[in-house]
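Note sheet for the following structure.
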Amino acid sequence: WLRLGAYQGHVDAQHRLGLMYGLGTGVPTNYVLAYAWFNVAAASGDEGATNSRSRVETGMTPSQIAEAQQLSTEIFERIQQGNW
């Protein structure tokens with residue numbers, strides 16, 4: 001349900017999904033997905049997501065960050081277009 005809410009543009013769900021991926025809570029730990037969801041939430045106005053993104057970024061390589069930024073752009077655009 002959380003993922004569905006995130007895809008529907010609910011900022012709190014986006015931030016929480018990033019936390020789940022960053023901590024490995026209920027899903028495998030995946031910093032790329034965590035960063036991407038934090039970035040989407042931050043772009044939607046969640047200031048706390050910016051801090052969360054910065055924390056997860058410290059454990060990522062530059063190529064992982066680039067991948068996460070690309071993924072977040074794709075996710076954000078699909079949400080804005082209602083393509084989920």
>> Hydrophobic cluster membership, with links at side-chain heavy-atom distances under 4.5 Å among I/L/V/M/F/W/Y: are V11 and I79 in one?
In response: no
>> Distance check, rounded to the nearest 0.5 Å: N39 atom CG versus R53 atom CZ?
In response: 4.5 Å
> Between W37 and Y7, is the ring centre distance below 6.0 Å?
Replying inline: yes
> CD1/I75 to CD/Q14 distance, rounded to the nearest 0.5 angstrom?
Replying inline: 9.0 Å
Could you pull out every donor-acceptor pair under 3.5 Å between side chains of residues 24-34 and any protein atom, sequence neighbours left out?
residue: N30; atom: OD1; partner: V32; partner atom: N; Å: 3.0
residue: N30; atom: OD1; partner: L33; partner atom: N; Å: 3.0

> Short question: side chain of Q64, backbone of T61 - any donor-acceptor pair under 3.5 Å?
Replying inline: yes
>> Let me confirm one number: the CZ-CD distance from R78 to Q81, rounded to the nearest 0.5 Å.
In response: 8.5 Å
> What pairs with Q80 under side chain to side chain donor-acceptor pair (under 3.5 Å), at least two apart in sequence or on another chain?
Replying inline: none
> Can you name the side chain to side chain contact (heavy atoms under 4.5 Å, CB included) partners of L19, sequence neighbours left out?
Replying inline: H15, F38, S52
> To the nearest 0.5 Å, how far apart are CD in E57 and CD1 in I65?
Replying inline: 4.0 Å
> Going by heavy atoms in the side chains, are Y35 and Q69 under 4.5 Å from each other?
Replying inline: yes
> Quick one: CG on D12 to CG on D46, what's the gap to the nearest 0.5 Å?
Replying inline: 7.5 Å
>> I need the minimum non-hydrogen distance between A49 and A42, along with the two atoms involved.
In response: CB-N, 3.7 Å
> Where do A13 and G5 come nearest, in terms of heavy atoms and distance?
Replying inline: CB-C, 3.8 Å
> Out of curiosity, L17 CG to M20 CE, how far, rounded to the nearest 0.5 Å?
Replying inline: 6.5 Å
